[in-house]
Undergrad: 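Before we start, here is the structure in question, set down as structure tokens.
Atoms within each ligand, like the ligands themselves, are counted from 1 in listed order. The chain is numbered in sequence order, starting from 1.
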Amino acid sequence: MINIGIIGCGNIARSRHIPEYDSNSDCVLTGYYNPNTAKAEEMADRYGGKVYASAEALLAEPMIDAVSVCTSNDSHAALSIAAMRAGKHVLCEKPMACSLSEAEEMVRVAKETGRLLMIGLNQRFMPAHTEAKEYLERGVIGKVLSFRTTFGHGGPEMFMKVKDMNSWFFRKEKAAMGAMADLGVHKIDLIHYLLGERTVRVSARLNTLDKRSDSGELISVDDNAICLMETESGALGTVTASWTYYGRPDNSTVLFGSKGIMRLYDDPEHSLIINLADGNVITGRASPMDFRAPSGVIDSWIESIKAGRVLEADGESALDAMKTVFAAISSSETGNCIKI
Ligand SMILES: NC(=O)c1ccc[n+]([C@@H]2O[C@H](COP(=O)([O-])OP(=O)(O)OC[C@H]3O[C@@H](n4cnc5c(N)ncnc54)[C@H](O)[C@@H]3O)[C@@H](O)[C@H]2O)c1
């Protein structure tokens, strides 16, 4: 039985990590830490396990094998590194870190300590995306020449019990980055996963257009970003990330290949649909997107721990996605195309 500790008992821990661990018969929820202890106590009462007075106390618990780091972005790297040094395997939420050097250090410490490091890049596990990967590997749409991918919704406040425009999500000192790192990183990682290629060049523009704190000032991180990417094979595409899609969210990806076009979560009826150049149409098995469905991250993480290697979304692939995010920020600041 794998003993799990939870660091940070906010929205993602409560809605995804904790219930998904609870449903997995190979692990047990053993401990929780949150600065506001009431949140940790609520989880311990509901799911069992002990509340710790600090992250250090939780990490010093010999019984705990692995932790989920579900805190605000500013503490991801330090907590993950401390956890690996304390002998724990780490599943850390995205974005993995606030700077390139922090992200690189996380990967380095994973290697040095021999601990597993996975990042919560859950788009890899969405049914139409795993199905798409199968079609791509079989060459059904040929070579991917270009793509567009978008993740936009009304912003983090949509998921808060009480709307808080002064939340850490909107403050640079806690979040470091906005929509591009929060949502864009998912889509960059998805493109890397689907194409099996990394990004080599980036031009981007990040702006804060609409979101304001309670005092009426624009928030200090980007709420919209558009990034032009070139992958290793020369495929060109755009990644759009937005916190200001105030109607229906857009979580779609379209891949334009030499033999056809694949649409993922783009068609109202079919989560995966392929229009081939010869006129044939293939529709996938995946059902429509359902945000209440289990993410698949935790089951894969538990299988990874059992296997002794990260099966999907390891620290290195997350680092590749973050390199693209940081290049996009740098491109927006300098006006230059950034080579990675
Ligand atoms: N994979 C996804 O799709 C996805 C979705 C939502 C959020 N997230 C990520 O998960 C992380 C948390 O987001 P959230 O929506 O749960 O935020 P949240 O504000 O609801 O929860 C964060 C929790 O962490 C606690 N915390 C802050 N600093 C801490 C520290 N040093 N030690 C322990 N606890 C600490 C806070 O008290 C809070 O309870 C963010 O990095 C976010 O980007 C990922």
Undergrad: Counting each atom of ligand 1 from 1 as listed, which ones have a heavy atom of His76 under 4.0 Å away?
TA: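 This gives 41 (O) as the contact atoms.
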
Undergrad: Taking atom CD of Glu104 and atom CE of Met96, what is their separation to the nearest 0.5 Å?
TA: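 Result: 9.5 Å between the selected atoms.
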
Undergrad: Decide, yes or no, whether a salt bridge links Asp26 with Lys306 under the criterion of side-chain N to carboxylate O below 4.0 Å.
TA: yes

Undergrad: Please list the nearest protein heavy atom to atom 2 (C) of ligand 1 with its residue and the distance rounded to 0.1 Å.
TA: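 Atom 2 (C) of ligand 1 sits closest to the protein heavy atom Asn122 OD1, 3.5 Å.
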
Undergrad: Go through Glu93 and Ile119 one step at a time and tell me if the side-chain contact (heavy atoms from CB on, under 4.5 Å) criterion holds.
TA: CA-CA 6 Å; Glu93 265 307 336; Ile119 308 298; over 6 Å; no

Undergrad: Considering only non-hydrogen protein atoms, determine which one is nearest to atom 42 (C) of ligand 1 and report residue, atom name and distance to 0.1 Å.
TA: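 Result: Lys94 O, 3.7 Å.
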
Undergrad: Just checking Phe159 against His153, ring centres under 6.0 Å apart?
TA: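 Ring centres of His153 and Phe159 closer than 6.0 Å.
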
Undergrad: For side-chain contact (heavy atoms from CB on, under 4.5 Å), just list the numbers for Ile261 and Ile141, CA-CA rounded to whole Å, side-chain angles, deciding distance to a tenth of an Å, and then say yes or no.
TA: CA-CA 6 Å; Ile261 298 171; Ile141 66 162; over 6 Å; no

Undergrad: Nearest protein heavy atom to atom 44 (C) of ligand 1, by residue and atom, and its distance?
TA: Glu93 OE1, 3.0 Å

Undergrad: When rounded to the nearest 0.5 angstrom, what distance separates OH in Tyr135 from CD1 in Ile274?
TA: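 Rounded to the nearest 0.5 Å, the OH-CD1 separation comes to 5.5 Å.
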
Undergrad: Report the distance from atom CG of Asp222 to atom OG of Ser242, rounding to the nearest 0.5 Å.
TA: 10.0 Å

Undergrad: Consider ligand 1: state whether an atom of it lies below 4.0 angstrom from any non-hydrogen atom of Asn36.
TA: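 For ligand 1, residue contact (heavy atoms, under 4.0 Å) with Asn36 is absent.
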
Undergrad: Report the member of Gly8, Ala181, Cys70, Gly120 with the shortest heavy-atom distance to atom 22 (C) of ligand 1.
TA: Cys70

Undergrad: With respect to Ile12, determine whether any N or O atom, backbone or side chain, lies less than 3.5 Å from an N or O atom of ligand 1.
TA: yes

Undergrad: Please state which protein non-hydrogen atom is closest to atom 26 (N) of ligand 1 and give its distance, to 0.1 Å?
TA: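 Checking every protein heavy atom, the shortest distance to atom 26 (N) of ligand 1 gives Pro35 CD, 3.8 Å.
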
Undergrad: At under 4.0 Å between heavy atoms, is it the side chain or the backbone of Pro156 that contacts ligand 1, or both, or neither?
TA: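 Near ligand 1, Pro156 shows nothing, with every heavy atom at 4.0 Å or more.
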
Undergrad: Less than 4.0 Å between a side-chain N and a carboxylate O, is that true for Glu41 and Arg46?
TA: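 Salt bridge absent between Arg46 and Glu41.
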
Undergrad: Is it the side chain, the backbone, both or neither of Arg16 that has a heavy atom closer than 4.0 Å to ligand 1?
TA: neither

Undergrad: Identify, by atom number and element, the atoms of ligand 1 in contact range of Asn34, meaning under 4.0 Å from any of its heavy atoms.
TA: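 Matching atoms, with element in brackets: 23 (C), 24 (O), 25 (C), 36 (C), 37 (O), 38 (C), 39 (O).
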
Undergrad: Under a 4.0 Å heavy-atom limit, does Thr71 contact ligand 1 with its side chain, its backbone, both, or neither?
TA: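 Both of them.
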
Undergrad: Is there a side-chain contact between Met43 and Leu29 (heavy atoms, below 4.5 Å)?
TA: no

Undergrad: For atom 20 (O) of ligand 1, what's the nearest protein heavy-atom neighbour? Residue, atom name and distance, please.
TA: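 That would be Asn11 N, 2.9 Å.
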
Undergrad: Side chain or backbone, does Tyr33 bring an N or O within less than 3.5 Å of an N or O on ligand 1?
TA: no

Undergrad: Heavy-atom contacts with Asp182 under 4.0 Å: which atoms of ligand 1 show up? List them by number with element.
TA: 43 (O)

Undergrad: Does either side chain, that of Ser233 or that of Glu197, offer a donor lying less than 3.5 Å from an acceptor on the other one?
TA: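 On atom types as modelled, these side chains qualify, holding a pair under 3.5 Å.
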
Undergrad: Measuring centre to centre across the rings, with the benzene-like ring taken for any Trp, is Trp243 within less than 6.0 Å of Phe170?
TA: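 Yes, close enough.
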
Undergrad: Name the closest protein heavy atom to atom 41 (O) of ligand 1, giving the residue it belongs to and the distance to 0.1 Å.
TA: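 For this ligand atom, the closest protein heavy atom is Asn73 OD1, 2.7 Å.
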
Undergrad: At less than 4.0 angstrom from any non-hydrogen atom of Phe169, what atoms of ligand 1 do you find?
TA: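 Atoms satisfying the 4.0 Å criterion: 13 (O), 15 (O), 17 (O).
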
Undergrad: At a 4.0 Å cut-off, with the gap strictly under it, does some heavy atom of His186 reach an atom of ligand 1?
TA: yes

Undergrad: Heavy atom under 4.0 Å from ligand 1: found in Lys39's side chain, backbone, both, or neither?
TA: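 Looking at Lys39 and ligand 1, just side chain atoms fall under 4.0 Å.
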
Undergrad: How far is atom 21 (O) of ligand 1 from its nearest protein heavy atom, and which residue and atom name does that atom have?
TA: Gly10 CA, 3.2 Å

Undergrad: May I ask you to establish whether Lys133 and Tyr193 are in a cation-pi arrangement, using a distance under 6.0 Å from NZ or CZ to the six-membered ring centre and at most 45° from the ring axis?
TA: yes

Undergrad: Below a 4.0 angstrom heavy-atom separation, can you tell me which part of Asp74, side chain or backbone, both or neither, approaches ligand 1?
TA: neither

Undergrad: Check Phe169 against Val221 and note the closest heavy-atom contact, atom names and distance.
TA: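 Distance-wise, the nearest heavy atoms are O-CG2, 3.6 Å.
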
Undergrad: Is there a heavy atom of Ser72 sitting under 4.0 angstrom from any atom of ligand 1?
TA: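 Yes; Ser72 lies near enough to ligand 1 that a heavy-atom distance drops under 4.0 Å.
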
Undergrad: Salt bridge or not between Glu105 and Arg108? Use side-chain N to carboxylate O under 4.0 Å.
TA: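 Salt bridge: yes.
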
Undergrad: Which residue supplies the protein heavy atom nearest to atom 19 (O) of ligand 1, what is that atom called, and how far is it?
TA: Trp168 NE1, 2.8 Å

Undergrad: With a 4.0 Å heavy-atom cut-off (strictly under), which part of Phe159 contacts ligand 1: side chain, backbone, both or neither?
TA: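 Phe159 to ligand 1: no contact under 4.0 Å from either part.
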
